2 protein chains.
Amino acid sequence: MSSAVLKSPPAKRSFREQMHQAREDAIIQAVNRLLAEKGFDAMTVDEVAAEVGIAKASLYKHFSSKEDLAAAAMVKVMLRAVAFLDNLDTSERPIDLLKAVARWTMEVQLAGEMPSLPSENSALRGALMVNTAYMDGLMQVSDRLGAWIEAAQADGSLNRNLPPIAVLYTLYARACDPVLGFLRASGTHSDSEIIDMVMTSCFEGLNAR
Amino acid sequence: MSSAVLKSPPAKRSFREQMHQAREDAIIQAVNRLLAEKGFDAMTVDEVAAEVGIAKASLYKHFSSKEDLAAAAMVKVMLRAVAFLDNLDTSERPIDLLKAVARWTMEVQLAGEMPSLPSENSALRGALMVNTAYMDGLMQVSDRLGAWIEAAQADGSLNRNLPPIAVLYTLYARACDPVLGFLRASGTHSDSEIIDMVMTSCFEGLNAR
DNA sequence: GTCTATAAATGGATAGAC
DNA sequence: GTCTATCCATTTATAGAC
């Protein structure tokens, strides 16, 4: 059990694992796209296999169920979110950090890379709840956003009429805001204009100032 | 073809039609609830039949497909929305009318009576697009909200930094805002508090004032 | 128009050869 | 680990008796 006697793994093993990882990344990318496009219920495992270009049975060697497949995609975006937070310049004002997060969230959604969860009580919800990687990421993100929310309310830049949890959920909801899709379908604005508009309605509010 | 020669229908016929209508109302109510609870893809026709208490084949005598079933439910809520608009006191300020609509929308959702559409490109979308009752209702609602939005921007009570269409879609999005469900799941607030909070974030915005 | 029974197709998951 | 072939449950939809 002493790690001192363990040699580093031979190159061949590492290479194989890299291939394995690359394959799984390709799978997850396909899942992510389909999950964003049609949601968990409408997505079929056959579609995923077809998009990746492998047999369905091969998929099941990597992931043991459809829920597992979707959960892996959710974990991936959650890790992307954590990485995004890590790269933020925390010397900025908390309110600006929160705005950056909201904007990033919407950019990911417009890029078709934000998997959409099923409406409420689904098998996927349960799979995510017991997925430690997902829950860890979620709690990490929530903790950091929560701290910025409290700081921004303390310095007077964030609306104090809202409890922090309502602000947190409002920011999370930008990840699946249908207004982005509606506006894009209307065809009258560019993606960056769309994001600006939703940012305005989210932070300025509908009331005049 | 002259209507003058047509007698009014016998009472028996009217009674039968009433029964027929009542049955269809029960069906639609069940569809509405299931659609709100699990969405179109996860809802099965078997469930609907079971909830209504009739055989599945009987369902198909009333509605020719699952899409038809869902479309009928969507039409029903659209008509409810039109009726709600009809009963508003239009002597109130436009901004207050818009707020009343937003609040009503969220109340319906929290009551579990707001059917949730599938994410994007579904068979249901197509069925709705060619459903004249639905499209008529949608346009009627949009026209009236649009007029109030322009009036509210003109009188300076509604944010002028947003194009009317963005405001309209933002109001529509309250019908499926996941924040309501998140907050309810957190269990820390009553339904009316939840609605007040989302109203605040929607109209006041996240920025402090 | 309601029922039972069933067709027809789909989708999640696995067996077993290589 | 990848494939082909298949199992089995579910689901949409219909047939046909009453």
Side-chain angles (χ1 to χ4, degrees), chain A residues 9 12-28 30-31 34-35 37-74 115 118-119 121-128, chain B residues 9 12-28 30-31 34-35 37-73 118-119 121-128:
Chain A
K12 193 176 179 186
R13 170 84 190 288
S14 174
F15 178 73
R16 264 197 194 163
E17 287 208 345
Q18 269 194 357
M19 290 294 95
H20 183 85
Q21 188 61 39
R23 173 60 54 94
E24 290 203 345
D25 283 351
I27 294 172
I28 289 180
V31 171
L34 288 168
L35 226 42
E37 182 188 327
K38 30 207 317 185
F40 178 72
D41 292 314
M43 179 188 80
T44 70
V45 179
D46 294 79
E47 284 173 330
V48 177
E51 181 147 330
V52 178
I54 63 176
K56 184 163 56 169
S58 303
L59 260 191
Y60 278 94
K61 298 286 181 179
H62 291 273
F63 302 93
S64 64
S65 70
K66 185 185 176 184
E67 283 76 22
D68 251 38
L69 214 49
M74 298 297 298
S119 38
N121 18 325
S122 164
L124 179 52
R125 297 287 292 197
L128 283 177
Chain B
K12 192 176 177 185
R13 170 84 191 288
S14 175
F15 177 73
R16 264 199 194 160
E17 287 207 346
Q18 270 193 359
M19 289 294 93
H20 183 84
Q21 188 62 41
R23 174 61 52 94
E24 290 203 345
D25 283 350
I27 294 172
I28 289 180
V31 171
L34 288 167
L35 226 41
E37 181 188 328
K38 28 205 320 185
F40 178 73
D41 293 312
M43 179 189 80
T44 71
V45 180
D46 294 80
E47 284 172 329
V48 177
E51 183 148 329
V52 179
I54 63 176
K56 183 163 57 170
S58 304
L59 260 191
Y60 278 96
K61 298 284 182 178
H62 291 272
F63 302 93
S64 65
S65 70
K66 185 184 175 185
E67 283 76 23
D68 251 38
L69 214 50
S119 38
N121 19 324
S122 164
L124 179 54
R125 297 286 292 197
L128 283 177

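Reminder, nothing fancy here: chain letters follow the sequence lines and each chain counts from 1. Treat the numbers as computed from the prediction; the structure is a model and nothing was measured.
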Nearest heavy-atom contact between A73(A) and I28(A) is CA-CG2, 3.9 Å

All heavy atoms of L35(B) vs all of A70(B), minimum pair found to be CD2-CB, 3.9 Å

Atom-to-atom span, [atom1] of [X] to [atom2] of [N] - whole angstrom:
{"X": "L124(A)", "N": "dG12(C)", "atom1": "CG", "atom2": "P", "answer": "13 Å"}
{"X": "D41(B)", "N": "dT10(D)", "atom1": "CG", "atom2": "P", "answer": "18 Å"}
{"X": "K38(A)", "N": "dT10(C)", "atom1": "NZ", "atom2": "P", "answer": "13 Å"}
{"X": "L34(A)", "N": "dG12(C)", "atom1": "CG", "atom2": "P", "answer": "12 Å"}
{"X": "H20(A)", "N": "dG1(D)", "atom1": "NE2", "atom2": "C1'", "answer": "9 Å"}
{"X": "R16(B)", "N": "dT2(C)", "atom1": "CZ", "atom2": "P", "answer": "12 Å"}

Practice task
Please test L34(A) against F40(A) for side chain to side chain contact (heavy atoms under 4.5 Å, CB included), starting from the C-alpha separation and ending with a verdict.
Solution key: CA-CA 8 Å; L34(A) 288 168; F40(A) 178 72; over 6 Å; no

Would you indicate what M19(A) reaches in the nucleic acid, counting non-hydrogen atoms under 4.0 angstrom: base, sugar-phosphate, or nothing? nothing

* For E47(B) and T44(B), indicate whether the former's side chain and the latter's backbone hold a donor-acceptor pair under 3.5 Å. => yes

Contacts of A57(A) and A57(B) projected onto DNA chain C by closest heavy atom; the upstream (5') one is A57(B)

Per the under-4.0 Å heavy-atom filter, residues of residues 58-70 of chain A near DNA chain C come out as Y60(A), S65(A), K66(A)

In numerical order, the residues of residues 49-56 of chain A whose heavy atoms come under 4.0 Å of DNA chain C are K56(A)

* Asked: Is the NZ or CZ atom of K66(A) both under 6.0 Å from the centre of the six-membered ring of Y60(A) and within 45° of that ring's axis?
  -> no

| query | Are M43(B) and V31(B) side-chain neighbours, meaning at least one heavy-atom pair lies under 4.5 Å? | reply | yes

Sequence neighbours excluded, the answer for side-chain hydrogen bond (donor to acceptor under 3.5 Å, both in side chains) partners of S58(A) is none

Distance col, row Q21(B):CD vs H62(B):NE2, nearest 0.5 angstrom, shows 10.0 Å

Would you sort out whether I54(B) and I27(B) count as a side chain to side chain contact (heavy atoms under 4.5 Å, CB included), showing the intermediate values?
-> CA-CA 9 Å; I54(B) 63 176; I27(B) 294 172; 4.2 Å; yes

